[in-house]
Asks: 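Structure provided below as structure tokens; questions to follow.
Chain naming here is simple, since letters A, B, ... match the order of the sequence lines and numbering starts at 1 in each. Source: prediction; values computed, not measured.
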Amino acid sequence: MTRKILLAILLILVLAMTVYGGFFRKFLVYDNLEKFDRLKNVGITIKVPGYENASQDFAPESQWFSEPDVVRAMTFEGIKRYKDGKLISNYPDLRMLKGRIPCPT
Amino acid sequence: MEKIRLKVQIACAALLNLGIFQWQTICFPVLNCHSCPTSIFACPIGTIGQFVGLGLIPLSVVGIVAIAGLTIGRLFCGWVCPFGLVQDLLYKIPYIKFDIPRWTRFIKYGVFASLVVAVPFFLTPAFPAYFCRLCPVATIESAIPWAIINGTTDIISLGIRLGILFAIAVAAMGHRRFFCKVICPLGAMLSLLNRFALVFPERKKGCVDCGACNKVCPMETKTGESNFGVYDKAPEECISCLECRDKCPTGSIRLWG
């Protein structure tokens with residue numbers, strides 16, 4: 001009986017956790033380009049080859065992501081391949097999630 | 001039952017890696033690397049490690065694993081996990097069979113706490129000691145295929161991965177389900193919930209304590225002290241393979257606990 005009561009309590013808790021995480025939880029993800037612009041605005045210069053010329057082509061893409069979107073972004077489906085064979089995320093740099101101290105490099 | 005289980009394992013390994021579509025917003029509670037070009041679902045351990053690296057807990061992922069653990073316990077380990085199938089097949093190879101000390105099965109909790117949680121949190125998921133960078137499943141499903149497709153310049157890390165895979169394969173040839181018992185961090189998570197699982201082998205009244213179930217148990221659980229499930233001393237290890245039910249002379253084991 002004790003086992004069944006514990007099971008019921010735990011099931012309710014994990015169901016609530018899964019529903020909240022799967023449908024309601026959101027993350028704000030910054031794009032690297034926006035990070036560069038923000039740092040530029042406070043007087044920090046970052047030299048990225050080609051950025052000055054190409055920056056007009058890219059709009060900042062920071063946006064809210066649901067937890068399943070972030071899960072997908074971390075998996076194979078979330079990555080694409082450059083011509084040189086390197087893998088890159090299809091999503092903005094997830095290390096720039098709000099609350100995480102951005103790395104200036 | 002063993003033959004049926006083998007067929008189910010093969011079917012599940014194929015289904016999880018069909019590659020015709022990818023549904024990687026969802027984690028399936030088995031160790032199946034999502035960096036594999038053909039995998040359908042995300043791996044819970046890989047996802048947890050990446051989230052922890054961001055200083056977050058993936059509630060939906062932990063929740064899915066917990067729901068699986070609370071309803072069917074480690075049944076997925078026995079019937080669905082592709083690496084469980086690999087280990088079952090490896091054990092059929094004639095090789096020196098050996099026992100391992102009972103305390104070694106606590107290592108998997110340490111692996112989860114250190115390589116899956118502590119390393120990405122305090123260092124980064126890119127750190128060489130992060131679990132996914134050593135995982136034998138990722139080596140089979142991801143590192144080797146990608147190295148063949150693209151070639152690799154990182155010979156050292158690929159060599160380390162292959163060495164770990166080889167060592168685990170040899171251990172699995174000599175000891176049944178070695179990786180599940182000693183190393184698997186997902187097995188550690190599910191083990192914690194196995195005692196509360198809804199679907200769980202249980203002794204009925206006809207049990208005569210002959211110990212036949214102990215002799216065939218791949219997870220080496222023991223029976224005989226109380227009537228809490230079939231396996232009284234290590235129920236957290238039971239993978240519900242039901243080999244014990246097949247061997248029980250009095251038919252006193254049922255799956256629904």
Asks: As an exercise, state the distance from CD1 of B/Ile67 to CG of A/Leu10, rounded to the nearest 0.5 Å.
Replies: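 Nearest 0.5 Å value for the CD1-CG distance: 11.5 Å.
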Asks: Could you tell me the separation between the CD1 atom of A/Ile9 and the CZ atom of B/Phe196, rounded to the nearest 0.5 Å?
Replies: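 Those atoms lie 10.0 Å apart.
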Asks: Where do B/Ile64 and A/Thr18 come nearest, in terms of heavy atoms and distance?
Replies: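 Here B/Ile64 and A/Thr18 meet closest at N-OG1, 3.8 Å.
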Asks: Working to the nearest 0.5 angstrom, can you tell me the gap between B/Leu70 CG and A/Ile12 CD1?
Replies: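 These two atoms lie 11.5 Å from each other.
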Asks: Would you tabulate the side-chain donor-acceptor contacts of residues 46-59 of chain B under 3.5 Å, counting partners in other chains and residues two or more places apart, or write 'none'?
Replies:
unit_1	atom_1	unit_2	atom_2	d
B/Thr47	OG1	B/Cys43	O	2.8

Asks: About how many Å separate OH of A/Tyr20 and OG of B/Ser60, when rounded to the nearest 0.5 Å?
Replies: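 Atom-to-atom, B/Ser60:OG and A/Tyr20:OH are 11.5 Å apart.
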Asks: Should B/Cys27 and A/Val71 count as side-chain neighbours, where that means a heavy-atom distance under 4.5 Å?
Replies: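 Yes, side chains in contact.
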Asks: Quick check for you: to the nearest 0.5 Å, what is the distance between A/Leu11 atom CG and B/Leu193 atom CG?
Replies: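 Reported to 0.5 Å precision, the distance equals 9.5 Å.
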Asks: Only counting residues at least two apart or in another chain, list the ones meeting ring pair (Phe, Tyr, Trp, His ring centres under 6.0 Å) with B/Phe28.
Replies: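 Scan of B/Phe28 (ring pair (Phe, Tyr, Trp, His ring centres under 6.0 Å), adjacent residues dropped) gives B/Phe41, B/Phe76.
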Asks: Counting only non-hydrogen atoms closer than 4.5 Å, does B/Val65 touch chain A with its backbone (N, CA, C, O), its side chain (CB onward), both, or neither?
Replies: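 Neither part.
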Asks: How far apart are the closest heavy atoms of A/Val14 and B/Ala66, and which atoms are they?
Replies: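 For A/Val14 versus B/Ala66, the nearest heavy atoms are CG1-CB, 3.3 Å.
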Asks: Locate the shortest heavy-atom distance separating B/Val62 from A/Met17; write the atom from each residue and the value.
Replies: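 Distance-wise, the nearest heavy atoms are CG1-CE, 3.5 Å.
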